[in-house]
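The structure under discussion appears below in the form of structure tokens.
Hydrogens, waters and symmetry mates play no part in the numbers below; they use all other heavy atoms, side chains included. Chain letters run A, B, ... following the sequence lines, proteins first, then strands; residues in each count from 1.
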Amino acid sequence: MKKTESFFLDVYEVVRLIPKGRVSSYGAIARYLGTGKSARMVGWAMNAAHDQKPKVPAHRVVNRNGMLSGKMHFSDPDKMQQLLEKEGITVNDDQVINFSSLCWDPSIELG
DNA sequence: CGATTGACGTACG
DNA sequence: TCGTACGCCAATC
């Protein structure tokens, strides 16, 4: 069984579940998937998210600080912030404002 | 097969 | 508050 593959798909699935106008963190997703400390694997999965047919809203995934650490990996660095602002999320200095309230933790929201 | 890297997070000083 | 160090695990060199 391709463990890594299911892990990637699982990450994409969770990311798609992030409601519009909300954001999540790599660590929160990692913990929900059971990887726990391996939040890097979530980011690594995101690296391949561009190739996914169902478009993955990777712009809704930021680090635990609410900083757009992955903006540079988008087609255009500013695209990520534009998408977030388009959904009603305020971004300043590559950082999500009021992130604490906007943080969408799957381990909590999904139960 | 060993060393390096990385869209992270926590710990320590 | 900020910078450095370490762990985590898979992919890449």
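Rounded to a whole Å, the CG atom of A:Asn65 is 11 Å from the P atom of B:dT10. Atom CZ in A:Arg31 sits about 11 Å away from atom P in B:dG9, given to the nearest Å. For A:Tyr26 and C:dG7, the OH to C1' distance is 19 Å, given to the nearest whole Å. A:Lys37 places its NZ atom 11 Å from the P atom of B:dT10, with the value rounded to the nearest Å. A:Phe8 has its CZ atom 11 Å from the C1' atom of C:dC9, to the nearest Å. Straight-line distance from the CG atom of A:Asn47 to the C1' atom of C:dA11: 10 Å, rounded to whole Å. At whole-Å resolution of the value, CD in A:Gln95 and P in B:dA7 are 18 Å apart. In this entry the distance linking CZ of A:Phe99 with C1' of B:dG9 reads 13 Å, nearest Å.
Distance from the side chain of A:Trp44 is smallest to B:dG6 among B:dA7, B:dG6, C:dC9. With B:dG9, B:dA7, B:dG6 as the choices, the nucleotide that has an atom nearest any side-chain atom of A:Met41 turns out to be B:dG6. In this structure, of B:dT10, B:dG6, B:dA7, it is B:dA7 that holds the atom nearest to the side chain of A:Met46.
Only A:His50, A:Ala58, listed by number, bring a heavy atom of residues 49-58 of chain A to less than 4.0 angstrom from any atom of DNA chain B.
Taking atom P in both C:dA5 and B:dT4, one finds a spacing of 16 Å when rounded to whole Å.
Few gaps surround CG on A:Asn98; more than 12 heavy atoms of other groups in view lie less than 6.0 Å from it.
The side chain to side chain contact (heavy atoms under 4.5 Å, CB included) with A:Leu83 is formed by just one residue from the set A:Gln81, A:Lys79, A:Glu85, A:Met80; it is A:Lys79.
Nucleic acid contact class of A:Asn63 (heavy atoms, under 4.0 Å, all strands): sugar-phosphate only.
At least one side-chain heavy atom of A:Met46 sits less than 4.5 Å from a side-chain heavy atom of A:Tyr26. Side-chain contact check for A:Trp104 versus A:Pro19: some heavy-atom pair is nearer than 4.5 Å.
Taking CZ from A:Phe7 and CG from A:Asp10, the interatomic distance works out to 8.0 Å, rounded to the nearest 0.5 Å. Distance check, rounded to the nearest 0.5 Å: OG of A:Ser101 to CZ of A:Arg22 gives 8.5 Å.
With sequence neighbours left out, A:Asp78 forms a side chain to side chain contact (heavy atoms under 4.5 Å, CB included) with A:Lys71, A:Gln82.
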